[in-house]
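The block underneath contains the structure these notes are about, expressed in structure tokens.
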Amino acid sequence: MALDPGRSPGFLLWHATLRWQRDIAAALAPLGLTHVQFVLLACAWWLNAQGEHPNQLALARQAGTDVKMTSQVLRTLEQKGLVEREVDPADTRAKRLRVTDTGAALAPRAIAAVEEVDAEFFRPVPVEEAVALLGRLAHPEP
């Protein structure tokens with residue numbers, strides 16, 4: 001057991017995550033988005049660009065977010081005029097998500113801002129190594 005916090009991978013990950021989140025929040029603030037709003041808008045925009053019109057459950061799965069929280073954040077994105085919920089013709093109980101023209105104009109700008117933060121944040125590590133490690137941590141094999 002590592003008693004030295006500087007030798008604890010979890011403690012170091014905690015601090016790295018906090019620093020990264022602060023940098024992302026600062027980059028998104030001028031665009032009027034929180035980090036979670038950005039993730040959901042970007043995922044919906046990407047899915048729409050692939051010809052998909054996900055419901056909120058599919059969007060939550062894509063983003064890795066809690067379904068209830070996703071619903072609350074989508075309500076905010078809808079109030080901001082960035083997404084619309086449309087009745088699914090196949091199931092009138094379900095709502096399909098469509099990014100508005102305003103949201104479609106904002107999403108690529110927000111993605112560019114976040115990618116700029118990521119490039120600077122991960123600069124000390126070769127991108128292939130960072131992606132490989134984070135991929136293993138995000139999706140461990142059973």
Side-chain angles (χ1 to χ4, degrees), residues 1-91 94-142:
M1 176 180 202
L3 296 178
D4 177 5
R7 306 269 315 140
S8 168
F11 192 68
L12 291 170
L13 178 60
W14 169 252
H15 279 273
T17 301
L18 290 174
R19 185 172 69 85
W20 176 73
Q21 288 175 334
R22 279 191 304 270
D23 293 349
I24 294 290
L28 292 172
L31 301 175
L33 293 172
T34 67
H35 196 170
V36 71
Q37 288 170 359
F38 160 74
V39 170
L40 293 174
L41 176 64
C43 286
W45 176 77
W46 185 82
L47 289 168
N48 283 182
Q50 305 304 307
E52 298 180 39
H53 296 281
N55 60 24
Q56 83 184 30
L57 177 59
L59 182 64
R61 284 187 183 138
Q62 174 74 22
T65 53
D66 174 76
V67 176
K68 190 171 211 161
M69 184 266 303
T70 298
S71 177
Q72 294 168 346
V73 174
L74 282 171
R75 194 171 306 119
T76 300
L77 292 173
E78 193 173 27
Q79 290 167 352
K80 289 182 173 192
L82 302 175
V83 298
E84 291 179 344
R85 300 184 215 207
E86 301 169 338
V87 175
D88 183 347
D91 180 359
K95 302 277 185 169
R96 296 288 173 186
L97 300 168
R98 187 184 68 76
V99 175
T100 64
D101 291 343
T102 302
L106 180 59
R109 291 177 42 222
I111 290 168
V114 167
E115 286 181 350
E116 190 174 311
V117 168
D118 283 352
E120 180 59 27
F121 183 85
F122 290 106
R123 184 177 40 77
V125 180
V127 69
E128 299 82 17
E129 289 180 28
V131 169
L133 173 62
L134 294 170
R136 286 195 308 271
L137 293 175
H139 308 288
E141 294 183 26

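Side-chain atoms are counted along with the backbone in the values below, which use heavy atoms only and exclude waters and symmetry mates.
A salt bridge is defined here as a Lys NZ or Arg NE, NH1 or NH2 lying under 4.0 Å from an Asp or Glu carboxylate O, and R123 with E120 meets this definition.
Below 30°, between 30° and 60°, or above 60°: for F11 and H15 the angle between ring planes is above 60°, a perpendicular geometry.
By the side chain to side chain donor-acceptor pair (under 3.5 Å) test, W20 pairs with D118, sequence neighbours left out. Scanning for side chain to side chain donor-acceptor pair (under 3.5 Å) contacts around D23 gives an empty result, with sequence neighbours left out. Legend: residues meeting side chain to side chain donor-acceptor pair (under 3.5 Å) with E115, ordered by chain and number and at least two apart, are absent. Legend: residues meeting side chain to side chain donor-acceptor pair (under 3.5 Å) with E86, ordered by chain and number and at least two apart, are R98. Under the ring pair (Phe, Tyr, Trp, His ring centres under 6.0 Å) criterion, H53 pairs with no residue at all, not counting sequence neighbours.
Listed for the K80 side chain is a donor-acceptor partner under 3.5 Å among the backbone atoms of G32. At least one donor-acceptor pair closer than 3.5 Å links the side chain of Q37 to the backbone N or O of T34. T102 places no side-chain N or O within donor-acceptor distance of the main-chain N or O of L82, the cut-off being under 3.5 Å. Checking side-chain atoms of N48 against main-chain N and O of V99 turns up a donor-acceptor pair under 3.5 Å.
Residue K95 holds its NZ atom at 11.5 Å from CD of E84, rounded to the nearest 0.5 Å. I24 contributes atom CD1, which lies 10.5 Å from atom CD of E116 (distance to the nearest 0.5 angstrom). Note that the CG atom of L40 and the CD atom of Q56 stand 10.0 Å from one another [nearest 0.5 Å].
When all heavy atoms of V117 and A27 are compared, the closest pair comes out as CG2-CB, 3.5 Å. Of all non-hydrogen atoms in G6 and L12, the two that sit nearest each other are O-CD1, 3.5 Å. Minimum heavy-atom separation, L74 to V83: O-CG2, 4.0 Å. The minimum heavy-atom distance linking V125 with A130 is given by the pair CG1-N, 3.9 Å. The shortest non-hydrogen separation linking F121 to A16 is CZ-O, 3.4 Å. Annotation for T100 and G81: closest pair OG1-O, 2.5 Å, computed over non-hydrogen atoms.
Residues L133 and R136 have side chains in contact (heavy-atom distance under 4.5 Å, counting atoms from C-beta outward). With a 4.5 Å cut-off on side-chain heavy atoms, F38 and L31 do not count as touching. No side-chain heavy atom of S8 sits less than 4.5 Å from a side-chain heavy atom of W14. The shortest distance between side-chain heavy atoms of L134 and F122 falls below 4.5 Å. Proximity of E78 to R85: side-chain heavy atoms (C-beta onward) are separated by under 4.5 Å at one or more points. Considering only heavy atoms from C-beta on, V73 stays 4.5 Å or farther from V39 through its side chain. Counting only heavy atoms from C-beta outward, the side chains of L97 and N55 never approach each other to under 4.5 Å. Proximity of V127 to V131: side-chain heavy atoms (C-beta onward) are separated by under 4.5 Å at one or more points.
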Without placing hydrogens or testing angles, list every side-chain donor-acceptor pair under 3.5 Å for residues 63-72, not counting sequence neighbours.
from, atom 1, to, atom 2, distance (Å)
T65, OG1, T70, OG1, 2.6
D66, OD2, K68, N, 3.1
D66, OD2, M69, N, 3.0
T70, OG1, D66, O, 2.7

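Counting heavy-atom neighbours within 6.0 Å of D101 CG, excluding the residue itself, gives a total of 12 or less.
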Check your understanding: Does the side chain to side chain contact (heavy atoms under 4.5 Å, CB included) test come out yes or no for Q62 and L47, once each step is laid out?
Key -> CA-CA 9 Å; Q62 174 74 22; L47 289 168; 4.0 Å; yes
